[in-house]
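Structure first, commentary second.
What's counted below: heavy atoms across the whole structure, side chains too, no hydrogens, waters or symmetry copies.
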Amino acid sequence: MPLLEDPIAISLGGFDVRWYALFILGGIIGAISLSFLLAEIRSRETPGITGDFLLDIAPPVVIVGLVGARLYYVLLKWEYFSENLGEAINVRGGGMTIHGGLIAGILMIWFLCRRARQPFFAWIDLIAPGAALGQAVGRWGNWANQEAFGTPTDLPWAVTIDPNRRPTGYEQNATYHPTFLYESVFNLANAVLLSWLVVRVPRTRWMRDGDVAGTYLILYGIVRFLIERIRTDSLYIGPLPAAYWLSFGMIGAGLLLMVGRRMGESRT
């Protein structure tokens with residue numbers, strides 16, 4: 001996989017628009033579009049679900065999600081940012097974490113659903129496939145920035161990395177596992193699976209609202225844990241990469257969500 005020669009896509013009057021930003025924007029647009037389509041499909045069978053509500057909540061959810069994604073990254077690298085506070089808002093070179101974005105975004109969705117008296121579990125189901133699609137597109141921003149790659153490899157699809165971007169100890173290696181590509185392909189397949197499940201929920205007796213979101217959390221948690229094992233730029237919390245802890249948490253949350261929904265029904 002070749003290098004992107006220039007990380008800057010467009011220059012307008014001295015203002016540079018980077019490929020990283022365009023991929024993130026493309027992911028956001030893709031996420032909203034897919035979730036809107038699914039909401040419109042579900043509206044035919046689920047009273048109260050409309051695509052209009054999704055469009056209403058999309059701006060605050062996106063903004064809070066982006067803030068959460070950056071804040072989590074800053075906290076993980078606080079030793080650096082505590083001495084360079086001005087860099088905390090400089091996202092042009094990357095530094096956005098999906099885990100932080102998910103946590104902040106889900107909390108915002110819960111708040112907005114509660115305020116509007118909308119079914120929270122139904123909505124996180126509808127938004128989960130869009131989130132997966134957004135990740136699939138947004139991950140290519142890592143390719144543009146030459147980041148989030150794995151250990152050295154000579155596989156035909158290996159990504160070439162500039163000498164000044166290579167990890168310490170691997171300076172002599174030119175090609176690496178494109179872990180961002182692995183995650184992008186998985187997320188694209190996951191978006192397809194989750195979309196199918198969303199349509200099936202009201203038609204399948206054993207499925208419950210929340211199952212799609214639970215499936216997303218479990219599958220992404222497992223795959224991210226496996227991919228993180230060959231990453232060379234992991235951020236750590238204690239002795240383990242931060243993504244390990246969050247992946248364990250996602251798997252546990254997904255199982256708890258799916259089991260808890262059924263236990264709640266059994267008590268009523």
Side-chain angles (χ1 to χ4, degrees), residues 26-55 57-58 61-62 65 98-99 101-103 105-110 112-114 116 118-139 182-227 246-266 268:
I28 292 170
I29 293 172
I32 294 172
S33 300
L34 177 57
S35 293
F36 176 82
L37 175 62
L38 293 172
E40 289 294 286
I41 293 173
R42 280 288 299 274
S43 68
R44 303 167 191 166
E45 302 179 73
T46 307
I49 297 293
T50 66
D52 290 341
F53 179 71
L54 176 75
L55 296 181
I57 69 173
V61 170
V62 168
I98 183 60
H99 293 112
L102 285 173
I103 293 170
I106 290 172
L107 290 174
M108 191 62 180
I109 293 167
W110 174 83
L112 294 171
C113 284
R114 183 178 177 84
Q118 286 282 324
F120 169 68
F121 294 109
W123 276 109
I124 57 173
D125 275 358
L126 291 165
I127 291 171
L133 178 61
Q135 288 174 254
V137 176
R139 270 298 174 192
Y182 302 159
E183 191 170 326
S184 178
V185 171
F186 161 74
N187 281 316
L188 184 60
N190 202 23
V192 174
L193 171 64
L194 297 173
S195 297
W196 179 76
L197 289 176
V198 164
V199 176
R200 299 300 305 170
V201 168
R203 307 173 188 174
T204 308
R205 291 184 60 186
W206 57 266
M207 293 190 72
R208 305 289 184 273
D209 285 336
D211 282 357
V212 178
T215 301
Y216 165 81
L217 291 170
I218 294 168
L219 292 180
Y220 181 66
I222 292 171
V223 169
R224 180 58 188 271
F225 170 77
L226 295 175
I227 290 176
L246 270 295
S247 293
F248 299 153
M250 290 179 73
I251 295 169
L255 291 171
L256 182 63
L257 174 59
M258 297 174 77
V259 173
R261 292 286 290 162
R262 285 160 175 79
M263 289 181 64
E265 286 183 355
S266 67
T268 60

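Rounded to the nearest 0.5 Å, atoms CZ (F36) and CD1 (I127) are 13.0 Å apart. Atoms CD1 and CH2, on I57 and W123 in that order, are 6.0 Å from each other to the nearest 0.5 Å. Separating the CG atom in L257 from the OH atom in Y216 is a distance of 13.5 Å, to the nearest 0.5 Å. Atom OG of S43 sits about 11.0 Å away from atom CG of L38, to the nearest 0.5 Å. Put simply, CD1 on I124 and CG on L102 are 11.5 Å apart, with the number rounded to the nearest 0.5 Å. Atom CG of D125 is separated from atom CD1 of I49 by 9.5 Å, given to the nearest 0.5 angstrom.
The shortest non-hydrogen separation linking I32 to A58 is CD1-CB, 3.9 Å. Q118 and G48 make their closest contact through OE1-O, 3.2 Å (heavy atoms, listed as atom of the first residue, atom of the second, distance). Heavy-atom minimum distance, L194 versus A132: CD1-CB, 4.3 Å. Closest approach of A213 and A128 over heavy atoms only: CA-CB, 4.2 Å. In terms of heavy-atom proximity, V201 sits nearest to D209 at CG1-OD1, 3.6 Å. The shortest heavy-atom contact between P129 and L34 is O-CD2, 3.6 Å.
Screening E183, Q135, M250 against R224 for a side chain to side chain contact (heavy atoms under 4.5 Å, CB included) leaves a single residue, E183.
Between the side chain of R208 and the main chain of W206, a donor-acceptor pair closer than 3.5 Å is present.
You'll find the side chain of L54 stays beyond 4.5 Å of the side chain of L126, heavy atoms only. Put simply, the side chain of F53 reaches to within 4.5 Å of the side chain of C113, judged on heavy atoms. Side-chain contact between Y220 and N187 is present, with at least one heavy-atom pair separated by less than 4.5 Å. For the pair L219/F186, a side-chain contact is recorded, criterion being any heavy-atom separation below 4.5 Å from C-beta on. Between L188 and L133 there is a side-chain heavy-atom pair separated by less than 4.5 Å. When side chains are defined from C-beta on, M258 counts as touching T215, because their heavy atoms get closer than 4.5 Å.
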Would you sort out whether I98 and L246 count as a side-chain contact (heavy atoms from CB on, under 4.5 Å), showing the intermediate values?
CA-CA 10 Å; I98 183 60; L246 270 295; over 6 Å; no
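The existence of a salt bridge linking D211 and R262 is confirmed by a sub-4.0 Å separation between a basic side-chain nitrogen and an acidic carboxylate oxygen.
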